[in-house]
Amino acid sequence: MKISISSSRKRGLTPDLRLVQKYLKNNIEDLEISYFMADETSKNRMAKKGFKDAKKRYCNTVENVICVDASIQGKKYKTGKKVLIAVPYDYQFKAVNRVETEPDYKKTNSFKGFDYIIAGSPFTKEVYTKCYNIPNCQIIENVVTPMAWNMRREKAARDSREKYERMFPKMKGKKVIAILTNGKVKEDEPSPYEGFHLKKVLDSIDSSYFVITNSEEILDHAITLGNEYTEKFAYINKALDPRRILYFAEYLFTNSGMYASYMAGRGKSVYCIGYVENNFEKFMKRRFPNLYIKTLNSVPDYIQEYGEENKNFSRYFSYEKSENPCEVIKRIYVDSV
């Protein structure tokens, strides 16, 4: 059997695709896996044309496909089963924002050619039902995405935590507060962290907590901190994958819909922070205003018991019970033989 794993838009082999690939290799005999990874956002005109030509040739010969986005649309594939793992990228929030605020919004055909969609959450099922024409596509409910499933495994969480504890020994035994941002503020725009007081925030947080961030803006505020603050604060650079922090963090403050959705599957507190006014931020301001934080100076006020609003968010952005999504995907292909 031949299965192709496809992705583009600078995504490469994503964590979800990596987990599926490993599972299928271990559980399907005589499996041949092919790949299509392309940077369709390249500014080089010749490179962009080359990617498009390669994609066209690929789509005409490929048999079975697993995607995480619509950058290689399902309708272009000629044969086999076409499966979309609906990772909650920003386009989902953009689509639902439009359908809920634009009275003349018309459904698009972006996902029309897929046979199956692994929804991952009630939210994502709603997105595809409201925003896209998918008349012949089966939405698979009550199954989370592969990474969300992996995050629930104790060993995976333990391994991720131990890796970070080796880098930040002061974190050991403490509850982690993750402040993870996505996107970049334009140079000609004021920083959203103007007036942010990192020292005061850290002083207000109990010593049993440890704060990790990937935000360079927050790092700028850490320059004046004394060595004593290494007991409760660390910055991770771009060489580290912030998604691994989601495996063990107790609280997440983010402007990334993908990070927030993954965290929801663990039943932990998630809050949206105002940063670059992206689609997830706009969605949260409208639909979950009590979980939207205008200023990071307020972070200590939200280190509290996992409340009803957090529970509602978790139930909406992740299925509480799920079988292994990789096994579900395997059955789609094996049962079709």
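The analysis underlying the following values was restricted to heavy atoms, covering all of them including side chains, and did not include hydrogens, waters or symmetry mates. The first residue in the sequence is number 1, and the count goes up from there.
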Chi angles and distances behind the side chain to side chain donor-acceptor pair (under 3.5 Å) call for S121, T124: CA-CA 5 Å; S121 71; T124 299; 3.1 Å; yes
Separation of [Y] [atom2] from [X] [atom1] (nearest 0.5 Å):
{"X": "E216", "Y": "T213", "atom1": "CD", "atom2": "OG1", "result": "10.0 Å"}
{"X": "I3", "Y": "K25", "atom1": "CD1", "atom2": "NZ", "result": "11.5 Å"}
{"X": "I293", "Y": "D301", "atom1": "CD1", "atom2": "CG", "result": "8.5 Å"}
{"X": "F210", "Y": "E250", "atom1": "CZ", "atom2": "CD", "result": "14.5 Å"}
{"X": "S261", "Y": "M263", "atom1": "OG", "atom2": "CE", "result": "12.0 Å"}
{"X": "I117", "Y": "C67", "atom1": "CD1", "atom2": "SG", "result": "11.0 Å"}

Looking only at heavy atoms, what is the nearest atom pair of [X] and [Y], with distance?
{"X": "F233", "Y": "L225", "result": "CD2-CD1, 4.3 Å"}
{"X": "G267", "Y": "S314", "result": "CA-OG, 4.0 Å"}
{"X": "G173", "Y": "E165", "result": "N-OE2, 3.7 Å"}
{"X": "T14", "Y": "V68", "result": "OG1-CG1, 3.9 Å"}

Report the relative orientation of the aromatic rings in [X] and [Y]; use parallel for angles under 30°, tilted for 30 to 60°, perpendicular for over 60°.
{"X": "Y316", "Y": "F288", "result": "tilted"}
{"X": "Y193", "Y": "F196", "result": "tilted"}
{"X": "F111", "Y": "F114", "result": "tilted"}

So does [Y] get a backbone contact from the side chain of [X], meaning a donor-acceptor N/O pair under 3.5 Å?
{"X": "N255", "Y": "G274", "answer": "no"}
{"X": "R152", "Y": "G265", "answer": "yes"}
{"X": "R266", "Y": "A249", "answer": "yes"}

Aromatic centroids of F313 and Y271 separated by under 6.0 Å: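 No, ring centres 6.0 Å or more apart.
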Only counting residues at least two apart or in another chain, list the ones meeting side-chain hydrogen bond (donor to acceptor under 3.5 Å, both in side chains) with [X].
{"X": "E100", "answer": "R286, R287"}
{"X": "K106", "answer": "none"}
{"X": "N142", "answer": "none"}
{"X": "N290", "answer": "none"}

R161 charged N/C atom sitting above Y164 aromatic ring, 6.0 Å / 45°: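 Not flagged: R161 not positioned over aromatic ring of Y164.
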Minimum side-chain heavy-atom gap [X]-[Y] below 4.5 Å:
{"X": "S318", "Y": "M151", "result": "no"}
{"X": "L246", "Y": "Y259", "result": "yes"}
{"X": "Y247", "Y": "N150", "result": "yes"}
{"X": "D115", "Y": "V83", "result": "no"}
{"X": "R331", "Y": "V328", "result": "yes"}
{"X": "I66", "Y": "L24", "result": "yes"}
{"X": "K282", "Y": "T101", "result": "no"}
{"X": "V127", "Y": "Y132", "result": "yes"}

Would [X] end up clustered with [Y] when hydrophobic side chains under 4.5 Å apart are linked, directly or stepwise?
{"X": "L198", "Y": "L219", "answer": "no"}
{"X": "I218", "Y": "M167", "answer": "yes"}
{"X": "I212", "Y": "V201", "answer": "yes"}
{"X": "V299", "Y": "Y306", "answer": "no"}
{"X": "L252", "Y": "I236", "answer": "yes"}

Crowding at [atom1], [X] (>12 non-hydrogen neighbours, <6.0 Å):
{"X": "E102", "atom1": "CD", "result": "yes"}
{"X": "E228", "atom1": "CD", "result": "yes"}
{"X": "K107", "atom1": "NZ", "result": "yes"}

Please tabulate, for the side chains in residues 174-182, all donor-acceptor contacts under 3.5 angstrom to protein atoms that are two or more places apart in sequence or on a different chain.
| unit_1 | atom_1 | unit_2 | atom_2 | d |
| --- | --- | --- | --- | --- |
| K174 | NZ | E231 | O | 2.5 |

Partner residues of E308 under the salt bridge (Lys or Arg N to Asp or Glu O under 4.0 Å) criterion, sequence neighbours left out: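 R315.
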Derivation and outcome, side chain to side chain contact (heavy atoms under 4.5 Å, CB included), residues V270 and F317: CA-CA 11 Å; V270 176; F317 280 91; over 6 Å; no
Note: D159-K163 ion pair, threshold 4.0 Å (strictly below):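 Not counted as a salt bridge, because no side-chain N and carboxylate O are separated by less than 4.0 Å.
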Ionic contact status for K285 with E281, cut-off 4.0 Å: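 No, this pair does not count.
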Test item: side-chain donor near acceptor, Y262 and D16, under 3.5 Å: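 Result is yes, a qualifying pair exists.
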